[in-house]
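Lettering follows sequence order; numbering is per chain, from 1.
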Amino acid sequence: MHHGFVLDDQEFNVELSRAREGYRLHFEGQVIPLSLRAGDDGGQILTVRGHSEPVRVAVDGDWLHVHLAGSTYTLRYQHPLDRLAAGHQDGAADHIVAPMPGSIVAVLVRAGDAVVRGQSLLVMESMKMETTITAPRDGVVDAVHFDKGQSFDRDTLLLDLVAEPRP
Amino acid sequence: MRTDTQSWPFRSVLVANRGEIAVRILCTVRALGLEGIVVYHAVDAATPAVKLADRAIEIHGDTPVAAYLDGARIIAAALATGAGAIHPGYGFLAENAAFARAVAKAGLIFVGPTPDAIDLMGDKITARAFVARSGFPVAPSAIEDEDPATFVERARDVGAPLLIKPAAGGGGKGMHIVRDLSQLETAIARARSEGQRYFGDGRLYAERYVENPRHIEVQVLGDAHGNVVHLHERECSVQRRFQKIVEEAPSPALSPGLRQTICETAAGIARSAGYRNAGTVEFVYGDGGFYFLEMNTRLQVEHPVTESTTGFDLVREQLRIAAGEALGYAQTEIPSRGHAFEFRIYAEDPARGFTPTTGPVLELCEPVGAGIRIDSGIATGQAITAAFDPMLAKLIVHGRDRAEAIERADRALADYVLLGCKTNIAFLRRLLRHPAFLAGEIHTGFLDMHPQIAAEPQPEAAVMERLLAAAALFTRPMRDAADAVPDLHAAMGAWRN
Amino acid sequence: MKRIESRINPASADFRNNAAHYRQVLDAFTEKQHRTRHDRPARDIERLRAQNKMFVRERLDLLLDPGTPFLELSTLAANEAYGGDSPGAGCVTGIGIVSGREVMINAGDASVKGGAWYPLSVKKTVRALDIALENRLPVVHLCDSAGAFLPLQAELFADRYYAGRIFRNQCQLSKLNVPQVAVVLGHCTAGGAYVPALSDYNVIVRGNGAIFLAGPPLVKAATGEDVTVDELGGCDMHTSVSGVADYPAATEEEAIAIARDIVAQFRRPEKSRIEWQEPEDPWYEPVELYGILPADIKIQFDMREVIARMVDGSRFHEYQPGYGKTLVCGYAHLWGYKVGILANNGVLFNDSALKGTHFIELCNQNRTPLVFLQNITGFMVGREYERQGITKDGAKMLMAVSNSAVPKFTVMCNGSFGAGNYGMSGRAFDSRLLFSWPHAQISVMGAEQAANTLAEVKIRQLARSGQTLTAARIAEIRDPVLAEFKRKQSAYWSTSEIWDDGILDPVATRNALGMGLSAALNTPIEDPRYGIFRM
């Protein structure tokens, strides 16, 4: 199952496995032997296909900053589950239903709005608690079915998302 | 040269600046046995300058920049801490005559020129007029203030190509090149609007534009006793958006005779102005001639280049001059040894139009070695924000000759590890390996002429493999998954029956 | 433990002839295996593509950890059956590594008759789940089957080891705390619906995946209700309404990724402790096995030469080297694991049977798994041996083999004839895994003897009615019998009928046994308990 690294908007799919000694990189049909050991200066020594060199890596969430061969590169890691979930075309994630009965406190988007994953769409109130409903993925709001103040039952369709705006 | 500070009128110096220049100044201040005080905004609390200072005073402002521009509060901080002098560094309050006057009025010493000298040389138009009057070369030009009604006509008479600049400007902002005189009025309108926006001053002037000129500047020192010397020239032709990226000394473009003429011209201008403090006289050089451009009445970003070739500590000289000491050396005693470069490390993405970048400094490992100096104001754990100028640090290299200095710079840049925020380091390496740069064929349009230097090439296949290998090994889900495989099966590999 | 000293000369004419011959045997095997695994009619592959389905081999590549081994079982199951309509019995089973865990994989192959279950498909699946049970291997089911092949339903539905056994084994696994995850990649109809339902976790692909007891046509016929596949048993219904399925997935790739993440949550079992040391490659080249195995199955060879090319460092501690010499017994390490090896160097005599019995008891005492390397023509016959009680000595060996508590592994290295098959832990004796080499032969007696015996009976019948037979007539009777016998004693027949767990290239045996040993240690090793040894 491929993991992804994005460098300058280009995605590279790789896998890593452990060998009898060290590791192997699986990349573009090739199996490349590698190993890593601590260097003298707090850095690491990376050996790839028998070629050894110092490397420094800093990880910041999904961002990896790598200093290697005299240059610094920044890559973004994509977990297979994230990569594949991003490929959802149309499905349950597009039809946002009420997780419980309640009423709408605020509508934060309108039909036609482009939204990004995690963006707040609606605020609802139920059981004396406010719940913010967020976009499960990037997309465009196709329709909002409720206005502020309206109430609904569990599993009522509240909002539709589409991948692309309708022509 | 030993410096005895016992008799100086100040025992402590407040640095009204931040970043690498604050560190640079504090180092000399403390080396001289003086107390070093720094002011800082909260966003800079974790920076090396604050750690290095004997005392650090927090200042506030609507924005971090505003805090460093608030002269009154800074003077108050100096008085409260008993500082005897204020060093403004460069930028912020360094060329603010009103601030210099206020410092003096508060009974403190301003480590810089007299306010009058700032007034005289700080305004491009008056400076230019003064230089012309004193008999030094200036580019053919038209100054709006002289007769606003005829400015357009006079500008047209100078002839194309023409450069329109805000009179109060600096740093390249609001500058427009006119190659076709039919565009003159449009360029004037835009420059005026930008001048108004950036400097609150819409006055303009126009001067002959030299195509692909070189930027040559001369470091001068003047004391309160009328002595002026020059510390030779620097060439700062490699620029992006009119801002310097690489500076070197000596200039590879000048013959010994021309070099001497330019340096003596600079010293002459400073002498005519009765200049006190360290200063820089900038020239445009091209088509065989040179013209006075402007004078910077402060310590320059690129001063370490001159320090490398002359062995002078320019901050110490500034402090000695501010303390009233005489220079104490003759022009002939100022050497010029070997070749030096400064490479400015910016938080920016050259491939995306040199746009500023931000991020945390996750890991910092600066190069060391013979002929390598790093002036840096950042530390691991610090966040690079868009609040300030994107310059993070400077690499200064010195070698016996230009080739050795470039070789050392290449190695130093290769070893420069700054992880967490994109920088222009890789770009600088591409730049210094470019044949035209190696040949010294540089000018202010160099990067526009060679845009491929700014473009980020995809790493070659072998490097890509190693890069992905390192990334995979440091990605927990990948490393954990690989490590989860039992020894037996890891050893068998992808065996199939 | 000292290194076996090989007496093989790889430069000899014999060696080179044998090797050349074996390469041919092996080429035929690998070609057959490749065809079974990969050759499908273009229209079947196109149909899969049109359905947005991956070929089962592609699914396995995504499922398995990169750079890890996969021990495929019974690749050639059903290859001598159903006129070749069900290559590999329409499913893929095997032991592999998923998220660092050893698992049994049970994957339907929808490229063959829509993945319909033939009788041998059921047998192969039940066998895979039996292996999972014995070795406590978590199971990943990749469900994509059209259901039972109806014309043969009587041979796969109702008997003890028929299809119901699949679900019974799933329940037994669950009871033993061995987790299962099912990935629903096609329709799981009727009985098939229980595979995901009885799994601890399941993932279903939106669109292609469906689970129901009866599909829309059957529902229409039974109740008149009109219903779509999605409404009846689709991904969103089951994951949000019925709770029959757990995780929705947009694509097969995502479903497999989710399944991998689920397996990553499985608790790793504590392995039974047996003697182990750092593994070491064999000192002698395993490929030399090809030159050791004689081109003629009747020619005797020294099994120590085989052991030397299978075990760590080619080191072997031989037990009773001077007694019962037709059965070589001794200790070795295989991929680091200590094993006790029993290998035939000729027919079993009284002393060899007693030696074997004693050695099996030793290995049970010191918890050493057993490896049987079969090349056996049977127990010795004749008055003298019967008088010495060859039968009761053979019975002792069967008693020891049968009640042995340590994991056993069997490899059919050459011939396996008569009761020797039983004494050397044949299929009926519950070896954890049993493999055949491609040239191996298994039958109650040799083909020639069997054909002659059958021909003899016929000749005597005819003689009684006064007929005498010409040589040509005798050949006419004998030859078809011989051909049929040869077909059914070949390893290909054996493996087609799932009397073994697959045919192995001899060189692959070391890794196959290594994986089997590792898997076997998931189950605690009990203390042995035997019945009555006839004395």
Non-hydrogen atoms of chain A under 4.5 Å away: do they reach the side chain of B/Pro486, the backbone, both or neither?
-> backbone
Under 4.5 Å, heavy atom to heavy atom: which of residues 8-20 of chain A reach chain B? Give them by number, or say none.
-> A/Asp8, A/Asp9, A/Gln10, A/Phe12, A/Val14, A/Glu15, A/Leu16, A/Ser17, A/Arg18, A/Ala19, A/Arg20
Greatest number of heavy atom pairs closer than 4.5 Å to chain B - which of A/Arg49, A/Glu21, A/His65, A/His79 | A/His65
Which heavy-atom pair separates A/Leu25 from B/Ala472 by the least distance, and what is that distance?
-> CD1-CB, 4.0 Å
Check for a donor-acceptor pair, side chain of A/His67 on one end and backbone N or O of B/Ala414 on the other, with a separation under 3.5 Å.
-> yes
Do the non-hydrogen side-chain atoms of B/Leu468 and A/Glu28 ever get within less than 4.5 Å of each other?
-> no
May I ask you to test the B/Val463-A/Tyr73 pair for a side-chain heavy-atom distance under 4.5 Å?
-> yes
If you count heavy-atom pairs under 4.5 Å between each of B/His489, B/Met478, B/Glu363, B/Glu456 and chain A, which one has the most?
-> B/Met478
Determine, step by step, whether B/Asp483 and A/Tyr23 satisfy the side-chain contact (heavy atoms from CB on, under 4.5 Å) criterion, reporting the C-alpha distance in whole Å, the side-chain angles of both residues, the deciding distance to 0.1 Å, and the verdict.
-> CA-CA 9 Å; B/Asp483 286 344; A/Tyr23 294 85; 2.6 Å; yes
Could you have a look at B/Leu418, B/Asp410, B/Asp487, B/Val485 and say which one has the most heavy-atom pairs with chain A under 4.5 angstrom?
-> B/Asp487
Taking everything shown except B/Arg400 itself, do over 12 heavy atoms lie less than 6.0 Å from its CZ?
-> no
Pick from A/Thr47, A/Val31, A/Asp60: which one has the most heavy-atom pairs with chain B under 4.5 Å?
-> A/Asp60
Heavy-atom neighbours of A/Asp41 CG exceed 12 at 6.0 Å = yes
Side chain / backbone / both / neither for B/Arg479 at chain A, heavy atoms under 4.5 Å = both
Closest non-hydrogen contact found for A/Tyr77 with B/Pro477 is OH-CB, 3.5 Å
Greater than 12 external heavy atoms within 6.0 Å of B/Arg352's CZ | no
NZ of A/Lys148: more than 12 outside heavy atoms within 6.0 angstrom?
-> no
What part of B/Arg466 gets closer than 4.5 Å to chain A, counting heavy atoms only: side chain, backbone, both or neither?
-> both
Taking it one step at a time, do A/Thr72 and B/Ile425 satisfy side-chain contact (heavy atoms from CB on, under 4.5 Å)?
-> CA-CA 8 Å; A/Thr72 299; B/Ile425 292 173; 5.8 Å; no
Scored by heavy-atom pairs under 4.5 Å with chain B, the best of A/Leu75, A/Thr74, A/Val55 is A/Leu75
For A/Leu7 and B/Met464, what are the C-alpha separation, side-chain angles and deciding distance, and is it a side-chain contact (heavy atoms from CB on, under 4.5 Å)?
-> CA-CA 10 Å; A/Leu7 175 71; B/Met464 197 65 223; 3.8 Å; yes
What part of B/Glu465 lies closer than 4.5 angstrom to a heavy atom of chain A: side chain, backbone, both or neither?
-> both
Distance, nearest 0.5 Å, that separates CZ of A/Phe5 from CG of B/Leu467 = 9.0 Å
Top contributor to chain A contacts, counting heavy-atom pairs under 4.5 Å, from B/Ala470, B/Ala351, B/Ala481, B/Ala484 | B/Ala470
When you look at A/Arg56 and B/Leu419, which way does the side-chain contact (heavy atoms from CB on, under 4.5 Å) test go after all the steps?
-> CA-CA 8 Å; A/Arg56 281 178 182 267; B/Leu419 303 182; 4.1 Å; yes
Just jot down the side chain to side chain donor-acceptor pair (under 3.5 Å) partners of B/Arg430, sequence neighbours excluded, or say none.
-> none
A/Gln30 portion near chain B, given a 4.5 angstrom heavy-atom threshold | side chain
Per-residue contact mode, B/Asp415 against chain A (heavy atom under 4.5 angstrom) | backbone
Based on non-hydrogen pairs under 4.5 Å, which of B/Leu488, B/Val417, B/Thr423 is most in contact with chain A?
-> B/Val417
